[in-house]
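Comments concern the structure below.
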Amino acid sequence: MEVVVGDITRLKVEVVVNAANQQLAGGGGVDGAIHRAAGYEQLQQACRKLGGCPTGQVVVTPAFNLSARYIFHAVGPIWRGGGSGEQALLASCYRQAMVLANELGVSSIAFPAISCGVYGYPSELAAPLAVFEVQKQLDQGSSLQHVIFCCFDEVIAGYYRPLLA
Ligand code: APR
């Protein structure tokens, strides 16, 4: 597991995880960046065929113009104070992405800080949860050799680094 600060669309990995919405309709933040880099029209066409994705779940599309093979669209919870199942739903995103990666036999994946932007999940709570869930899946055996937590800024990266040291 590694922390990288930067733009997730520039990473050389087999799977790029997107922080999507239930409609898979595209948006701003990392979703917008992934759509622009993958090719907006072709990615939206692939998303429309899937017909949406419930919160806490993950669906897969090709990665089109990205160098990755797949985009995993994870729908994180909107933070409502922590008493609405947010933790379990966010954990489910990481778990499902890890399980799916193993099923597809890929060796590398990059996660953004799902839910930590517009959806308001506190990064200091999301980082340990992400690392815990990923570690748990790696411990159970996985095709994954390289898991990147891609942080857009140093502040969020600062929550991951002590956990991976
Ligand atoms: N690479 C890596 N991380 C990025 C990038 C990028 N290019 N752009 C933004 N981020 C970071 C943000 O700084 C934040 O830490 O990704 C994290 C997640 O933020 P959001 O993209 O706002 O995702 P989220 O909080 O899950 O909200 C999802 O926002 O864009 C819409 O369609 C999306 O409705 C959905 C909602």
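Numbering of ligands and ligand atoms starts at 1, following listing order. All values below come from the heavy atoms of this structure, side chains included, with hydrogens, waters and symmetry mates left out.
To the nearest 0.5 Å, atom CG of residue L163 and atom CZ of residue F149 are 9.0 Å apart. Summarising the geometry, atom CD belonging to Q45 is positioned 11.5 Å from atom CG belonging to L50; distances are rounded to the nearest 0.5 Å.
Comparing S115, C150, G117 by heavy-atom distance to atom 20 (P) of ligand 1, the nearest is G117.
Of all atoms in ligand 1, numbered sequentially from 1 with element shown, those under 4.0 Å from a heavy atom of G28 are 30 (O), 31 (C). Atoms of ligand 1 found under 4.0 Å from any heavy atom of G6, numbered from 1 in the order shown, are 1 (N), 2 (C). Proximity to N21 (heavy-atom distance under 4.0 Å) selects the following atoms of ligand 1: 32 (O), 33 (C), 34 (O), 35 (C). For ligand 1 and D31, the ligand atoms under 4.0 Å from any heavy atom of the residue are 30 (O), 32 (O), 33 (C). Atoms of ligand 1 found under 4.0 Å from any heavy atom of G27, numbered from 1 in the order shown, are 30 (O), 32 (O). Of all atoms in ligand 1, numbered sequentially from 1 with element shown, those under 4.0 Å from a heavy atom of G26 are 32 (O). Every atom of ligand 1 with a heavy atom of A19 under 4.0 Å away is listed here by number and element: 23 (O), 26 (O), 28 (C), 33 (C). Numbered from 1 in the order shown, with element, the atoms of ligand 1 that lie under 4.0 Å from a heavy atom of A113 read 15 (O), 17 (C), 18 (C).
Remark: the backbone N or O of L24 is paired with a side-chain donor or acceptor of Q44 at under 3.5 angstrom. In terms of modelled atom types and a separation under 3.5 Å, the side chain of S115 and the main chain of P77 share a donor-acceptor contact. Panel note: side chain E86, backbone G82; a donor-acceptor pair is recorded below 3.5 Å. Without hydrogens or angle criteria, N102 side chain to S143 main chain gives a donor-acceptor distance under 3.5 Å.
Within a 6.0 Å sphere centred on CD of Q87, heavy atoms belonging to other residues, nucleotides or ligands number 12 at most.
Looking only at protein heavy atoms, the nearest one to atom 16 (O) of ligand 1 is V30 CB, 3.9 Å.
When non-hydrogen atoms are compared, ligand 1 lies under 4.0 Å from the side chain of I156 (C-beta onward) but not from its backbone. Proximity of A33 to ligand 1, defined as any heavy-atom pair under 4.0 Å, is confined to the side chain (atoms from C-beta onward).
Taking distance alone, with nitrogen or oxygen atoms compared against 3.5 Å, D7 approaches ligand 1 more closely than that limit. The distance criterion of under 3.5 Å between nitrogen or oxygen atoms is not met by P112 with respect to ligand 1.
Heavy atoms of G76 stay at 4.0 angstrom or farther from ligand 1. In this structure, G32 falls outside the shell of residues with a heavy atom less than 4.0 angstrom from ligand 1.
Across all non-hydrogen atoms, the minimal contact from Y94 to I114 is OH-N, 3.6 Å.
The side-chain heavy atoms of E133 and M98, taken from C-beta on, include no pair separated by under 4.5 Å.
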